[in-house]
J.: 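Here it is: the structure, laid out below.
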There are 4 protein chains.
Amino acid sequence: MEETARMNDKRPIRQKRDPEATRRALLAAAIAEFADKGLAGSRVDEIAHRAGVNKQLVYHHFGNKDDLFRAALEQVYGEIRAREQSLNLADLPAVAAMERLVGFSFDHLAEHPELVALLNDENRHEARHVKSSPQIQAMHSPLVRMIDETLARGARDGVFRTDMDPINVYISIAGLAYFFFANNHTLSAIFDTNLDTAREVSRRRRHVIDFVLSALQPREVGLSPD
Amino acid sequence: MEETARMNDKRPIRQKRDPEATRRALLAAAIAEFADKGLAGSRVDEIAHRAGVNKQLVYHHFGNKDDLFRAALEQVYGEIRAREQSLNLADLPAVAAMERLVGFSFDHLAEHPELVALLNDENRHEARHVKSSPQIQAMHSPLVRMIDETLARGARDGVFRTDMDPINVYISIAGLAYFFFANNHTLSAIFDTNLDTAREVSRRRRHVIDFVLSALQPREVGLSPD
Amino acid sequence: MEETARMNDKRPIRQKRDPEATRRALLAAAIAEFADKGLAGSRVDEIAHRAGVNKQLVYHHFGNKDDLFRAALEQVYGEIRAREQSLNLADLPAVAAMERLVGFSFDHLAEHPELVALLNDENRHEARHVKSSPQIQAMHSPLVRMIDETLARGARDGVFRTDMDPINVYISIAGLAYFFFANNHTLSAIFDTNLDTAREVSRRRRHVIDFVLSALQPREVGLSPD
Amino acid sequence: MEETARMNDKRPIRQKRDPEATRRALLAAAIAEFADKGLAGSRVDEIAHRAGVNKQLVYHHFGNKDDLFRAALEQVYGEIRAREQSLNLADLPAVAAMERLVGFSFDHLAEHPELVALLNDENRHEARHVKSSPQIQAMHSPLVRMIDETLARGARDGVFRTDMDPINVYISIAGLAYFFFANNHTLSAIFDTNLDTAREVSRRRRHVIDFVLSALQPREVGLSPD
DNA sequence: AATGAATGAGTTTTCATTCAT
DNA sequence: TATGAATGAAAACTCATTCAT
C-alpha cells in the first residue's frame, strides 16, 4: 500500500488534501501579494503560485479576487484589534497605559507593513470591502471605548488634558506611526537619508511617544488654537 | 460668425497643434486617473480620453506609463514645495510660523487628495520614480531648512523645546494630517461616522494644530520617554 | 446519429480538451506562418487562427512568440536530422552513399521549404534560438560523423579525394541545394525564367549530384587552389 | 552673412539642405536596417534615425517603406553586377577566369552581408520588389553571357566539361558561398564551432574555388548521375 | 477538493503614415 | 526641403474567470 495519507481513508493516493491548510496558505499569500502590488496590481495566478496551489482554488475557497481581498482585510484588521484588546490598559496608570498603547501601535505597524499597504488600497476603493464586512464593522467599538476610558482616567488623575476626543486622539496616535511607515520610501528619498534602519525606527518610536504624551499633558497657559 | 482662424489675438482659436497644451492636458488627466486608480489600476486609454486626445500622444510626449507617473509626481511635489516656500515663515514669530506651517500642510492635503493618493502608490513602488527624478530630489532641502530655522528660533525664544529634530517634526506634522485624509474612508467606516464633512475636517484641523503646538512646548517636568 | 460522446473507441470523438493535439496544431500553424512571414512578420493571432484555437493558448503552451519559434526550429531540425539517420549510408559503397545523401538533402529541401525559410530567419537573429536549445545542439554530431565516415570510406576505396573536411563538404552539399530553393524567386526573376517547375528542379537535382561527385573525385593533376 | 551654404544661393540660413546627400544617407541607413531586421522587422523611425534625418523624409524621397526596400535592392544588386563586369574575364584563360569569378563572388558576399540578408527577405516576398524594378531586370543578361562565354572558352580549350549550363553553374558558384555566409550563425551553432573567423572564411574560400574547378574538369570516366 | 486547459476582454505599446507648420 | 505632432490600426501579451476532468 503506497503513501497512506495520514490515516486509513478512502481518498485517492495523491494526498495534499487539507482544505483548511489550503485556505490559510491562500490567505497568507493573498495578504503578501496585495501588500506588494495592491488590489489592481495583484495577480490571482501569482497568489495561487505563492500558496503553492492551483489558481482555481482561489475561486473555490474565496469566490473571487475582491472577496479574497476582503478576507485579507478581515484577517489583518482582526489581528491588530485582538492584540490591542490584550494590552490590558485598565491595569495601568493613565500615562503608562497611553504610552503602552502608542508603543504598541507603532510596533504593530513596524512589524506588519502589510496592514499599512492594505489600508492604503482599501481607501483608494473608498472602504468598499470594509463596508461590506460586518465582521470588521463589529471589531472597533472596544477600541474607542478603551481610548476613551484611558483619557478619562488620565483627566481624572490630572495628568491629561480634558478636551481631547478619543477618535481624534486615536487618529493622531496611528497617524504619527502610519505616515512614517507608509511613506518611508519617499521620505527617505526626498530627505536623502535612510529611514528604514533600526536606528531611525527606534528614534521615531521615541519621538512619537514623546510627542503624544507631551500633547496630552495639561497646560498651564492654553495656546489659542485659532 | 464662425471662428475666424487668423485673428490677431494672443492664442489661436483652433487649438490644433498646440503641443504644450496637449502635454498639460495629459498631465492633468494622468494625475486625476493615477489618484483614482493607482498606477497599476490606471489605464492609458482612460488618461488620453480624459485629456481629450489620442492615446498615442501619451507615448509621444511622455515615453510610457511609468514616465508619465513620474511626471505626475514631479508636478504635485512641485506644487506643494513651491507653496511652502511662499509661506514666508521667517517673517513670523516661531509659534505663529509653526501654526501657519501646520495649517498649510493640513489645508494643502485637504485640497489636494491626489497628492495623498500618488504618494501612497509611489511608496508601494518603493519610491522608484522619485528616486529617478533629479527634479524631485532637488526641491526638498529648503523645506528641512525652513523647519529647522523655525524650531531653532522658537527654542531661542523659549517657546519651543530644544530637542526636536526637524525631519521627525515634519513627519509628525504631515502624518497628523495625512493619515486623516489617506484613511478617511476606512476610519469613517470602522468608527461608524463620516469624517469627510466640513465639520469633521475643521475639527481635525484644530486638533492637529493644537496637538503639534502642545507637543512642541517646553515642559517643566520632563516625561521619561522610554 | 450524432456524435455519441462516450463510445469505446480509441480517441474521444469530441476533440475538446486534448492539449497534445492543441499543441501539435499550434506548432504546425507556427511553422507555416513563420515560413511565410518570418518571425517579425508573423502574427500570433494568425498562428492561433490557422491552428483553429484561441490565441492565448500560444502563451499557455509555449510561453511567447520567441519560444514558439524555437519550438518550430526544434521540430524542423528534428525531422531532417532524423531522416538523415535513416539513410543507412554505411550499407552502401561510398559513391552511392554520397549520391544518396546529396539526393536526400536536395529532396528534403524541395519538400520542406519551411526549413529554408526558418533557417534564413534564424540566421538573421544570429542563431539565438538554436543556441538556446539544447535539443537542437544535441542532434548534430551524428551528421558530421556520417559524412566523415563516408568520405573516409571513399578515400580508402580510392574513389574520393582525401583532403576534404566533412563540415565544408556538408556545407557544399547543402548550399548547392539551399541557394536554389532559398533564392528561387529572385533567380527566376533576374534570369527571366521559371526555376520553380518540376523540370528545372529535377535538372538542378542532377546538376547538384553531378557537381558534388565530380568535385569529390580524385584528380590526376592537382589544381593549385591558391 | 553667416554660414553660406556652398555658394550664393537664396536658401534660408539653416543649411543642411542637400537633398541628394539626404537621399544617400537614407538609402545607406535603409540597407543597414533591412539587413539587420528584414523588411517586416525594420522600422521607418529607426531608418530615419540612423540617417540622422526626420522620418517624413523617407516618404518625401522614396514614397513608402516598400519603395525604399526596392531602392535598397537596386543599390546592392547594382553594385555586385557592376563589379562583376569589371572583372574582365575575357582577358584571362578559362580556368583563371573561372577562378577569378568564383573568388570574386565569394569575396563580395564576405564583404557585403547586407546583400545576403536583403536577398533572403526579397525571396520571402517572392521577389515582389525585384519583379517591379525594370532597373534590376536589365542588369543580369551580361552576367549570364559572361559565364557562358567562359564555359565555352574552357570547353574549347579542353579544360572544362562541355555539358554545363551557365545558369546552373552560376547558381552553384553563388550557392557555395552564399549558404556559408547566409547560415554562418546556425552552422556555427550546430557544429559547435565558429565559422565567422578569418581562418574559417579563407578555408572555405579555398574549398569553394577548389570545389568548382574540380567539378568543371573534364572527366575520363563519367559518373552515372542518377 | 484539486488541476490544467481554455477563453473573452482587455492593456500597454508599436508603427506606418499623414498633417500642420 | 524639412520637422515634430498627430493618428488609426494593429500587435504582443495579460488576466480574471470558467470548463472539463
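Only this structure's heavy atoms are used, side chains among them; waters, hydrogens and symmetry mates stay out. Sequence lines set the chain letters: A, B, ... in the order given, protein chains first and strands last, and positions in each chain run from 1.
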J.: Using Watson-Crick or G-U wobble geometry with both distances below 3.5 Å, tell me the partner of E:dC15, or none.
T.: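 Base partner found: F:dG8.
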
J.: Using OP1 and OP2 only, check whether a side-chain N or O of D:Arg43 sits under 4.0 Å from E:dA16.
T.: yes

J.: With respect to the phosphate group of F:dT1, does any side-chain polar atom (N or O) of D:Thr22 fall under 4.0 Å of OP1 or OP2?
T.: no

J.: What I want to check is whether an N or O donor and acceptor connect the side chain of A:Lys65 with the base of F:dT17 at under 3.5 Å.
T.: no

J.: Taking CG from C:Leu26 and C1' from E:dA6, how many angstroms apart are they, rounded to a whole number?
T.: 12 Å

J.: Tell me the partner of F:dT21, counting only Watson-Crick (N1-N3 plus N6-O4 or O6-N4) or G-U wobble (N1-O2 and O6-N3) with both under 3.5 Å; none if nothing fits.
T.: E:dA2

J.: NA contact type, B:Asn64, heavy-atom cut-off 4.0 Å: base, sugar-phosphate, or nothing?
T.: sugar-phosphate

J.: To the side chain of D:Asn54, which of F:dA12, E:dA2, F:dT3 is closest?
T.: F:dT3

J.: Starting from the 5' end of DNA chain E, give me the residue, C:His61 or B:Tyr59, whose nearest nucleotide shows up first.
T.: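 The answer here is C:His61.
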
J.: Is it the case that E:dT13 (base atoms only) and B:Lys55 (side chain only) share a donor and an acceptor within less than 3.5 Å, ignoring hydrogens and angles?
T.: yes

J.: What nucleotide among F:dT7, F:dT3, E:dT3 has an atom nearest to a side-chain atom of A:Leu57?
T.: E:dT3

J.: Heavy atoms only, 4.0 Å cut-off, all strands: where does D:His60 land among base, sugar-phosphate and nothing?
T.: base

